[in-house]
Structure formats: C-alpha cells, structure tokens
Protein chains: 2
Amino acid sequence: MSGKLGVMAISDDNTGSAPCHRRSICGVACSLDLLGDKWTLLVVRDLLLGKRTFGELQASPEGIPTNILADRLKRLQAEDIVYKELYQERPRRYRYHLSAKGADLGPVLFSLLRWANKHIPGTMSVAEVQAMMEENRS
Amino acid sequence: MSGKLGVMAISDDNTGSAPCHRRSICGVACSLDLLGDKWTLLVVRDLLLGKRTFGELQASPEGIPTNILADRLKRLQAEDIVYKELYQERPRRYRYHLSAKGADLGPVLFSLLRWANKHIPGTMSVAEVQAMMEENRS
DNA sequence: CTGCTCACTTGTTAATTGAAAGTGACTAGA
DNA sequence: TCTAGTCACTTTCAATTAACAAGTGAGCAG
C-alpha cells in the first residue's frame with residue numbers, strides 16, 4: 001500500500017550528485033530537506049525583496065541571529081539557490097543574490113503568503129508586498 | 001528603510017486572539033511560525049493524499065518518529081488545520097482530517113512540488129501525485 | 001493466558017538553535 | 001596617534017528540539 005502510493009522510500013543514492021540525505025523521492029520532502037525551517041525562506045524572501053548585504057538581511061524585523069544567517073547563506077550557496085558577489089576589496093564585502101533556482105521560489109512564497117492572508121488575521125496582503133517589491137527594485 | 005519595506009516588526013499583540021508568538025506581521029513569517037519545520041507539511045501532504053489514521057501517517061516513507069507525529073498532530077489541531085474524529089469506541093480510535101484551513105495548504109504543497117520537479121532531479125512529478133490522489137480518494 | 005495491534009507516551013541521548021560576545025579589517029574623527 | 005564605529009562574520013554555551021528506543025494501556029484473536 002505504501003508502495004502503491006508512489007511516495008516511495010529511497011534506498012540508495014548511487015545516482016545522486018551531491019551527498020544528499022533524501023528521506024524519500026517526494027518533491028515536498030526533498031524541498032523541506034533544503035528549506036524546512038523557520039529562517040531559510042525568510043532569507044529568500046528578503047533577497048526577493050531586494051536586500052543584498054549581510055547587514056540588510058540581519059536588519060529584517062524578525063531579527064535573525066547572525067550565526068543562523070551566516071549558516072543559512074552558506075547552505076543556500078551550497079544548494080545553488082544563492083550566490084555571492086564580491087563588491088569591495090579592502091575590506092572584503094559581499095552582496096548576495098538569488099540564482100534562477102532561488103528566484104523560482106517566488107511562487108512558493110506567494111502561495112504561503114496567500115494562505116496566511118486568508119487564514120491568519122493581520123498579515124500583509126499580496127498587493128502590499130508586490131508594491132513593496134516594485135518600490136525596491138534596484 | 002526597514003519601515004518603508006512594509007515588513008514591519010510587531011511590537012505588541014493586544015488585538016490578537018491566541019497567545020501567538022509572531023516574529024512580524026509578514027504572512028511568510030507567520031506561516032513559517034506554524035509550518036516551518038521538516039515534518040509538519042509532510043503530515044499535511046499525507047492527509048491531502050487521504051491518509052487518516054496515526055498508523056497510516058506513521059507508515060509514510062520518510063519514517064516520521066511517533067513522538068514527532070503525535071506532537072505535530074497536536075499542534076495542527078491547536079491551529080485548526082487538522083481535526084480528529086473518533087471512529088471507534090472501545091478501544092478509542094481516531095481518524096484525522098484536514099479542515100478548510102488545512103486543505104487550503106494544497107497550493108503551497110503544489111508550488112513546493114513544482115519547484116522540486118524543476119530543480120531537484122529524481123523527484124515525483126505533479127501529474128504522478130495527482131494520479132495518486134485520485135487513486136486514493138475515499 | 002499468550003501474543004498481537006493500534007495509538008500513543010516516556011525516557012535518553014544527539015543535534016540544532018538562539019542570545020550574546022568576540023574578531024578582524026578597515027574608515028572617520030579628535 | 002588614539003578612539004570610536006561599521007561591517008561581516010565566528011565563537012561560545014545554555015537551552016530547546018529531534019531522534020531513537022522502549023514502554024504503556026486498551027482491547028482482540030486463538
């Protein structure tokens with residue numbers, strides 16, 4: 001019956017490229033392996049909104065701890081969701097950007113946002129966020 | 001500048017109904033406060049796929065630990081995303097169901113799945129999952 | 001009475017998180 | 001030159017959370 005469901009267990013990873021720890025071949029499970037925590041998608045959100053530097057990301061209202069931010073940026077780079085650009089030598093300063101893979105998370109964030117708007121009172125509307133995004137395009 | 005972005009910090013929760021611990025009024029952040037971990041959305045996925053009992057949920061290929069499953073079902077019920085139905089006295093047995101709020105997470109799961117299909121090789125397609133869902137409708 | 005299922009709960013240990021402080025490379029001002 | 005401040009992290013460590021294994025209680029089948 002569990003096999004029939006198609007959400008089958010993955011026994012081995014002999015064909016995989018990275019040393020990934022997939023719990024199954026289900027796309028939802030694989031996505032959550034990469035994005036399933038309280039902070040990762042907030043970092044992606046901020047990058048979509050045009051934030052670029054460590055300091056800007058840190059300054060978000062949710063107040064992400066700096067060690068978690070550094071760790072998440074590292075993980076997201078390892079997954080090719082984010083890349084960094086050196087914009088200044090002496091001292092070295094970086095700007096972070098979403099790759100195409102990262103930018104494709106936009107619809108995920110919008111669906112989360114739509115759900116929140118419908119079911120959690122007091123959350124910002126999609127229209128408000130889109131206005132914000134236009135306002136902040138560099 | 002952070003105020004201008006609209007993703008503003010929430011200072012107080014004097015109007016809120018539940019004793020919620022919102023990090024901000026951003027819908028993404030609020031959603032992640034409820035759903036942001038590796039297991040919660042997998043439970044929602046299984047309920048969408050028609051699984052109903054504790055044992056069926058436990059039997060998913062990802063192998064959720066029973067204490068985590070019990071905890072997540074408790075949390076999801078507290079958030080009115082899931083409700084349980086007593087289908088048997090002596091011994092008491094329950095069936096779990098998604099509320100309307102929970103069923104509305106479908107689009108979130110589909111967007112995650114579409115992202116995975118595009119960017120994580122070897123994940124199941126939306127078509128496969130939809131076929132599965134039809135097959136398992138009670 | 002024995003073993004079995006289901007739906008959990010309870011330990012115990014391992015890993016992760018979060019708050020705060022520290023580091024290194026600079027820049028600007030007295 | 002000395003002091004203070006910014007930026008981008010890293011380190012430390014207590015506290016929370018997760019994972020694994022085992023146990024519990026209510027029944028049922030032989």
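First the proteins, then the strands, lettered A, B, ... as listed; each starts at 1. Computation of the quantities below employed the complete heavy-atom set of this structure, encompassing side-chain atoms and omitting hydrogens, waters and symmetry-equivalent molecules.
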>> Can you list everything that forms a salt bridge (Lys or Arg N to Asp or Glu O under 4.0 Å) with B:D71? Sequence neighbours excluded, please.
In response: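 Counting only residues at least two positions away or on another chain, B:D71 forms a salt bridge (Lys or Arg N to Asp or Glu O under 4.0 Å) with B:R75.
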
> Among all residues two or more places apart in sequence or in another chain, which pass the salt bridge (Lys or Arg N to Asp or Glu O under 4.0 Å) test with A:R95?
Replying inline: A:E85

> Are B:D80 and A:H119 close enough that some pair of their side-chain heavy atoms sits under 4.5 Å apart?
Replying inline: no

>> Show every salt bridge (Lys or Arg N to Asp or Glu O under 4.0 Å) that has at least one partner inside residues 96-114 of chain A, sequence neighbours left out.
In response: A:D104-B:K118

> If you walk 5' to 3' along DNA chain C, what is the first nucleotide with an atom under 4.0 Å of a heavy atom in chain B, and what is the last?
Replying inline: C:dC6 to C:dG11

>> According to side-chain contact (heavy atoms from CB on, under 4.5 Å), who are the partners of A:Q58, at least two apart in sequence or on a separate chain?
In response: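 By the side-chain contact (heavy atoms from CB on, under 4.5 Å) rule, A:Q58 matches A:F54, A:T66, A:L69.
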
> Can you name the side-chain contact (heavy atoms from CB on, under 4.5 Å) partners of A:P91, sequence neighbours left out?
Replying inline: A:Q88, A:R93

>> Taking B:S60's backbone N and O only, do any of them form a donor-acceptor pair with B:D46's side chain (distance below 3.5 Å, no angle check)?
In response: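 No; zero donor-acceptor contacts below 3.5 Å.
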
For nucleotides 2-5 of chain D, tabulate all protein N/O to nucleotide N/O atom pairs closer than 3.5 Å, reporting atom names and distance.
none

Can you give the donor-acceptor pairs under 3.5 Å from side chains of residues 28-41 of chain A to other protein atoms, not counting sequence neighbours?
from  : atom 1 : to     : atom 2 : distance (Å)
A:S31 : OG     : A:G27  : O      : 2.7
A:S31 : OG     : B:L112 : O      : 3.2
A:D33 : OD1    : A:R23  : NE     : 2.8
A:D33 : OD1    : A:R23  : NH2    : 3.2
A:D37 : OD1    : A:T40  : OG1    : 2.3
A:D37 : OD2    : A:W39  : N      : 2.7
A:D37 : OD2    : A:T40  : N      : 3.2
A:D37 : OD2    : A:T40  : OG1    : 3.4
A:D37 : OD2    : A:R72  : NE     : 3.2
A:D37 : OD2    : A:R72  : NH2    : 3.3
A:K38 : NZ     : B:L32  : O      : 3.3
A:K38 : NZ     : B:D33  : O      : 3.1
A:T40 : OG1    : A:R72  : NE     : 3.3

>> Tell me every residue that passes ring pair (Phe, Tyr, Trp, His ring centres under 6.0 Å) with B:Y83, counting only those two or more places apart in sequence or in another chain.
In response: B:H97

> Using a cut-off of 4.0 Å between protein heavy atoms and nucleotide atoms, how would you tag nucleotides 6-24 of chain D 5' to 3' with B, S and -?
Replying inline: -BSBBBB-----SBB----

>> According to side-chain hydrogen bond (donor to acceptor under 3.5 Å, both in side chains), who are the partners of A:Y94, at least two apart in sequence or on a separate chain?
In response: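 If we apply the side-chain hydrogen bond (donor to acceptor under 3.5 Å, both in side chains) test to A:Y94, skipping adjacent residues, the hits are A:R92.
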
